[in-house]
Visitor: 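The structure is given below, and queries will be raised subsequently.
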Amino acid sequence: VTGTPPAAGPITASFTGGNATCGYESAHFPSAAGVGGALPAEYSFNKGGFGFTTGQCGSGAELTLTLTFDQPFTAGTKLCKFNGSVWAEFPATTSGTTVTYTVKDGGAGDSNPADGVITDPVAVGVPVAAANPTPVPTLGQWALVLLSLMAAAVGAGTLRRQGHNRI
């Protein structure tokens, strides 16, 4: 499934595992704040969230989900899961534009107590320092041209003096 959370880029979600009848009953792409609870302050959740419910997967089914985003992740990006009251870091692998993680029916990652049904809301947290880079001041184009000309003039003067000292 593919969707676009509010104010974010598209996310494509796929999974492997479960039995032959296992499939998405619902999938949605909310903003992370729209899922609920207080988001961890050390992360920016500007990539949005993904929530789904699968059905007929079999009791104890284990699903491996892959979320693909439109932009690569920065170092320190974490997958966070909403467990009904708070957001917490959840084990996942991030590489390039993808996040891969595993949920188990009735186990880690499953918010639904029904057998064979998995419900899971997640969001990708980018470290705040990486999400809001500190601007580095620099000179304008013409100031750099002038600075280069001044450096060339000083260098030419130094070469002339070294030439007179050798005679």
Side-chain angles (χ1 to χ4, degrees), residues 1-139 141:
V1 295
T2 298
T4 304
I11 301 171
T12 300
S14 61
F15 72 85
T16 58
N19 59 29
T21 59
C22 184
Y24 287 119
E25 287 185 353
S26 68
H28 56 284
F29 298 86
S31 67
V35 174
L39 295 166
E42 64 270 22
Y43 295 106
S44 167
F45 291 89
N46 58 356
K47 293 196 177 283
F50 173 63
F52 71 90
T53 297
T54 59
Q56 301 179 0
C57 292
S59 181
E62 191 169 275
L63 306 180
T64 299
L65 282 101
T66 300
L67 304 180
T68 304
F69 294 79
D70 64 335
Q71 297 289 319
F73 300 113
T74 57
T77 297
K78 302 290 182 191
L79 181 72
C80 293
K81 181 178 174 357
F82 186 66
N83 67 11
S85 60
V86 297
W87 286 91
E89 194 176 312
F90 194 76
T93 302
T94 58
S95 177
T97 60
T98 63
V99 174
T100 305
Y101 66 103
T102 301
V103 294
K104 184 173 182 167
D105 178 42
D110 184 11
S111 299
N112 192 320
D115 270 350
V117 178
I118 298 173
T119 300
D120 184 44
V122 296
V124 173
V126 177
V128 172
N132 301 312
T134 303
V136 176
T138 185
L139 297 173
Q141 177 182 357

Visitor: If we check side-chain hydrogen bond (donor to acceptor under 3.5 Å, both in side chains) with Thr12, which of these qualifies: Thr97, Thr98, Thr2?
Guide: Thr2
Visitor: Going by heavy atoms in the side chains, are Val117 and Cys57 under 4.5 Å from each other?
Guide: no
Visitor: Distance check, rounded to the nearest 0.5 Å: Phe82 atom CZ versus Phe90 atom CZ?
Guide: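 It comes to 15.0 Å.
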Visitor: Any side-chain heavy atom of Asp120 within less than 4.5 Å of one from Phe52?
Guide: yes
Visitor: Is there a side-chain contact between Leu63 and Val103 (heavy atoms, below 4.5 Å)?
Guide: yes
Visitor: To check you understand the geometry: which heavy-atom pair defines the closest contact between Ile118 and Lys104, and what is its length?
Guide: CD1-C, 4.3 Å
Visitor: Would you say the side-chain atoms of Asp105 pair up with the backbone N or O of Glu62, donor to acceptor, closer than 3.5 Å?
Guide: no
Visitor: Quick one: CZ on Phe50 to CD1 on Ile11, what's the gap to the nearest 0.5 Å?
Guide: 8.0 Å
Visitor: Please find the pair of heavy atoms, one from Ala75 and one from Pro127, that lie closest to each other, and give the distance.
Guide: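 Heavy-atom minimum between the residues: O-CG, 3.5 Å.
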Visitor: Of all the heavy-atom pairs spanning Val99 and Ala92, show the shortest one and how long it is.
Guide: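 In this case the closest contact between Val99 and Ala92 is CG1-CB, 3.9 Å.
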Visitor: Look at the rings of Phe45 and Trp87 and say which category their plane angle falls in: under 30° parallel, 30 to 60° tilted, over 60° perpendicular.
Guide: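 Rings of Phe45 and Trp87: tilted, 30 to 60°.
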Visitor: What is the minimum heavy-atom distance between Phe15 and Gly23, and which atoms define it?
Guide: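 What the structure gives for the nearest pair is CZ-CA, 3.9 Å.
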Visitor: Taking all atoms of both residues into account, what is the closest heavy-atom pair of Ala123 and Ala32, and its distance?
Guide: CB-CB, 3.7 Å
Visitor: Under 3.5 Å, which donor-acceptor pairs do the side chains of residues 65-72 form with other protein atoms, sequence neighbours left out?
Guide:
none

Visitor: If I take atom SG from residue Cys22 and atom CD from residue Gln56, how far apart are they, to the nearest 0.5 angstrom?
Guide: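 Spacing of SG (Cys22) from CD (Gln56) equals 9.0 Å.
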Visitor: How would you list all residue pairs meeting side-chain hydrogen bond (donor to acceptor under 3.5 Å, both in side chains) that involve residues 18-42, not counting sequence neighbours?
Guide: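 Only Asn19-Thr21 qualify under side-chain hydrogen bond (donor to acceptor under 3.5 Å, both in side chains).
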Visitor: Do Lys81 and Ser111 have side chains that get closer than 4.5 Å, going by heavy atoms?
Guide: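 Yes, their side chains come closer than 4.5 Å.
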Visitor: Any idea which heavy atoms bring Pro5 and Pro30 closest together, and the distance?
Guide: CB-O, 3.5 Å
Visitor: Quick check for you: to the nearest 0.5 Å, what is the distance between Lys78 atom NZ and Thr94 atom OG1?
Guide: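 The OG1 atom of Thr94 is 7.5 Å from NZ of Lys78, to the nearest 0.5 Å.
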Visitor: Between Thr64 and Thr100, is any pair of side-chain heavy atoms under 4.5 Å apart?
Guide: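 Side-chain contact under 4.5 Å: yes.
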